[in-house]
Amino acid sequence: MPQITLPDGSNRQFDNPVSVMDIANDIGPGLARATLAGKVNGNLVDAAFVIEQDAAVAIVTGRDEEALELLRHDAAHVMAQAVQELYPGTQVTIGPAIEDGFYYDFAREEAFTPEDLVEIEKRMREIVKRDLPIVREVMDRATAMRTFGDLGETYKVEIIDDIIPEGEEVSIYRQGEWFDVCRGPHLPSTGKLGDGFKVMKVAGAYWRGDSNNAMLQRIYGTAWPDKKQLKAYLHRLEEAEKRDHRKLGRQLELFHLHEDAPGSVFWHPKGWTLFNLLINYMRKRQEDAGYIEVNTPDVMDRSLWETSGHWENYREHMFSTQTEDERVFALKPMNCPGSVLMFAQGLKSYRDLPLRMAEFGKVHRYEPSGALHGLLRVRHFTQDDAHIYCTEAQMEQECIDVIELILDIYRDFGFDDVVIKFSDRPENRIGSDEIWDKLEGALINALDSMGQAYKMFPGEGAFYGPKLEFVLRDAIGRDWQCGTLQVDMKQVDMNLPERFDISYVAEDGNRHRPVMLHRALFGSLERFFGILVEHYEGKFPVWLAPVQVVVMNITDKQAPYVEKVEKMLKNQGIRTISDLRNEKVGFKIREHTLQRVPYLLVVGDREVEEERIAVRSLGGEDLGSLAIDEFVDLVKQ
RNA sequence: GCUCAUAUAGCUCAGGCGGUAGAGCACUUCCUUGGUAAGGAAGAGGUCACUGGUUCGAUUCCAGUUAUGAGCACCA
């Protein structure tokens, strides 16, 4: 005799065990039709789930967040059914709901073609139309393994064997002839999927995410409660593509890439101007924060990399050279060893600590070809790197200062909610747990004492130490690590202070090993640049715009005055160009607007006469006629 | 690195079931001197990514290489 408590606090009494659907029916037939699933005591369950005891129940309909995930998971099942109907012999593996959609990984000799995807989507719509009831069944483990084994579904057998503990039952979801191992829950029938889905693309993916395993074919789809939301999503994707930094980089003449230098950037004048603005900005912020700036060699002897451990661990990702005399050098993949040599030069006292040593270091890494991605993943990039040498007692405060600095800097670029990832000790690591406790503690204490939220990524730290990552998102929702903070301390293998045997003289007159913090704020200047382009859609704020002002004439008569204005503005440090081409003013305005120049100055006879300029903003707003110095104030404010 | 796809003018893209290619924009010259998102005309511009194979003949078909794109793996 279960008593059901609904979200509004009301109670309903039933004489016999009831399903979620029964309850919905009891409330009203309209609700029953809309019912997709239920929530019993907070757990998401099928609509057919039977409740035997008193419980808090909520009916889940298309309006609820949870329904969307079910919908997407269902879409994956329907797609798998469609694929197996169309291409017998294809094995199913796994197919979860993901952000914005779903995917399913298939094992099949032949590759799926774009035409196949069209057919698959067609068949999916058919299956939806069939409105097959989705029914949960249970099998004991052995039967399940035999059933799937008989079907030749070796991957499924492996999943059951691996995931389901011995003696436990396996839940199976069936829709028509087709069924799959699944934890559930699911929608009541395939018809509930509606028409808000679309098969998007096919790509390779390793079985169980391990590159030693076979490569499967992953088909991605997107699914939404209705067609309208699907359209809105596809529209968002289109809009995002317009922000792509690779596209804008070409259109705005910022940079280009070339086949002969994969993963390295050719910076054009405007891009390089912006790049240098970023460096100048960072230089100022670091100087204010008590950093000194140095520069270390790009090419250093192999023995240095052997000492640092990079040769052993990352050799295949390093660019190396052999000279006539057979000496082997490597292009630096990191700045740390150079920094350590800098620290080791001369005697350091505790009075020098904390020593915050920054470097705009050009590093080269031979990244796997498939990893390269515009400016966001390159082989040659510039780090705004710094190493802070300090005592153990100073460590935590230094961490706090770094985190505050990063967040403050990101705010200057309009990134207000930065995701902080905290990656702690991985399974394969070196160093004692005691040291790991200390290292992780330093970072966590710093975050906690600031009241700063962060996301835990258990086991994702580097093998030699935990790390903090500051993550920014690109136009189409991919996350990229930008800033980082890592602690490097005694007895851990990568430990550079130990490997290079550096020390400082403490108050007691003895030599002590410093703690070393590795940190980068932008991270990679190239990557940050790319993210910025997408973030602003190329419409940089005035202080970052490579060209801040274009002065243009209406007829040749005003040319001398235009040149005079250009000179005056340049003397004020304003990045100005003039456009004296024999073109109509509308044409020039269009061009420079497309180039996202913040201010356009138009000069005709009136302006020459009055010694003024007509000012137009990037948004198309007419700011009226201003005197030169008035305009200078406007730009500089 | 792996799977799939793509590579034609500076850019965006057509095209050809094998007979060395075309548009728009950009570029050059001329006309036009025009007040806030495209004035007009003419011209120039291509080893059809690279290497090899098949063929009388390859930009087109085949193979390999390189680069790029999507995803996976990787990211000190």
Side-chain angles (χ1 to χ4, degrees), chain A residues 103 105 108 110-114 116-117 200-220 241 244 246-247 250-251 253 256-263 305 308-310 312-318 332-337 363 365-374 376-379 381 460-465 467 469 476 478 480-481 484 486 488 493-494 496 518 523-524 527 552-559 582-595 600-607 614-618 620-623:
Chain A
Y103 68 76
D105 286 348
R108 177 183 182 231
E110 231 176 307
F112 290 113
T113 64
D116 291 341
L117 297 191
M200 301 292 280
K201 62 194 173 194
V202 59
Y206 295 107
W207 169 236
R208 302 196 137 182
D210 186 337
S211 58
N212 294 315
N213 291 341
M215 175 142 291
L216 307 169
Q217 297 189 69
R218 174 172 299 178
I219 302 181
Y220 283 92
E241 265 172 47
D244 191 308
R246 293 165 296 187
K247 196 172 190 149
R250 205 179 308 112
Q251 284 168 2
E253 300 164 36
H256 81 269
L257 299 165
H258 191 274
E259 189 176 332
D260 287 337
W305 304 107
S308 72
H310 290 94
E312 188 191 338
N313 289 303
Y314 299 105
R315 159 93 199 81
E316 67 277 22
H317 295 296
M318 289 168 69
K332 66 176 174 187
M334 295 189 77
N335 303 300
C336 324
V363 296
R365 297 179 183 178
Y366 195 66
E367 302 285 11
S369 55
L372 301 181
H373 182 96
L376 304 187
R377 187 82 180 269
V378 288
R379 288 191 174 143
F381 60 100
E460 289 199 15
F463 65 90
Y464 59 84
K467 64 178 172 180
E469 291 174 29
I476 55 174
R478 288 180 288 214
W480 296 90
Q481 173 198 311
T484 59
Q486 294 181 37
D488 197 345
D493 183 76
M494 201 64 184
L496 295 176
H518 305 247
S524 149
R527 177 175 290 180
M552 59 189 79
N553 55 344
I554 290 172
T555 71
D556 291 343
K557 264 190 288 177
Q558 302 96 26
N582 176 15
E583 297 288 354
K584 294 202 168 189
V585 94
F587 179 88
K588 295 185 188 180
I589 291 203
R590 177 182 155 80
E591 248 186 27
H592 299 299
T593 299
L594 290 174
Q595 285 292 313
L600 303 181
L601 308 186
V602 176
V603 168
D605 288 337
R606 275 206 302 280
E607 284 73 20
V615 183
R616 180 191 161 111
S617 74
L618 178 54
E621 196 189 347
D622 183 359
L623 303 180

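Predicted, not measured: the structure shown is a model, and the values here were computed from it. Convention: sequence-line order gives letters A, B, ...; per-chain numbering from 1.
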Distances under 3.5 Å only, N/O to N/O: pair up the protein atoms with those of nucleotides 27-30 of chain B.
none

Original post:
Taking only Watson-Crick and G-U wobble pairs with both distances under 3.5 Å, what dot-bracket line describes RNA chain B, where [ ] shows pairs that cross earlier ones and | shows pairs with another strand?
Top reply: (((((((..((((.....[..)))).(((((.......))))).....(((((..]....))))))))))))....

Please list each protein N or O that sits under 3.5 Å from an N or O in nucleotides 12-15 of chain B, with the distance.
| residue | atom | partner | partner atom | Å |
| --- | --- | --- | --- | --- |
| B/rU12 | OP1 | A/Arg250 | NH1 | 2.7 |

Partner set under side chain to side chain contact (heavy atoms under 4.5 Å, CB included) for [X], not counting sequence neighbours:
{"X": "A/Gln217", "result": "A/Arg108, A/Ala111, A/Phe112, A/Val202"}
{"X": "A/Asp605", "result": "A/Lys557, A/Gln558"}
{"X": "A/Ala559", "result": "A/Asn553, A/Leu580"}
{"X": "A/Glu583", "result": "A/Arg581, A/Phe587, A/Lys588"}

Going by salt bridge (charged side-chain N to carboxylate O under 4.0 Å, His left out), name the residues that satisfy it together with [X], two or more places apart in sequence or in a different chain.
{"X": "A/Arg379", "answer": "none"}
{"X": "A/Lys584", "answer": "none"}
{"X": "A/Arg590", "answer": "none"}
{"X": "A/Arg616", "answer": "none"}

Original post:
With a 4.0 Å cut-off, would you call A/Asp210 and A/Arg208 a salt bridge?
Top reply: no

**OP:** Establish, with yes or no, whether the OP1 or OP2 oxygen of B/rG35 is under 4.0 angstrom from a side-chain nitrogen or oxygen of A/Arg616.
**Re:** no

**OP:** Report yes if at least one side-chain N or O of A/Lys467 is closer than 4.0 Å to OP1 or OP2 of B/rA76; otherwise report no.
**Re:** yes

Dump every N/O contact between nucleotides 66-69 of chain B and the protein below 3.5 Å, one line per pair.
| residue | atom | partner | partner atom | Å |
| --- | --- | --- | --- | --- |
| B/rU66 | O2' | A/Glu259 | OE2 | 3.1 |
| B/rG69 | OP1 | A/Arg246 | NH1 | 2.9 |

**OP:** Kindly assign one of parallel, tilted or perpendicular to the pair A/His258 and A/His256, based on the angle between their ring planes and the thresholds 30° and 60°.
**Re:** perpendicular

Original post:
Mind checking the P distance from B/rC25 to B/rG19? Whole angstroms is fine.
Top reply: 29 Å

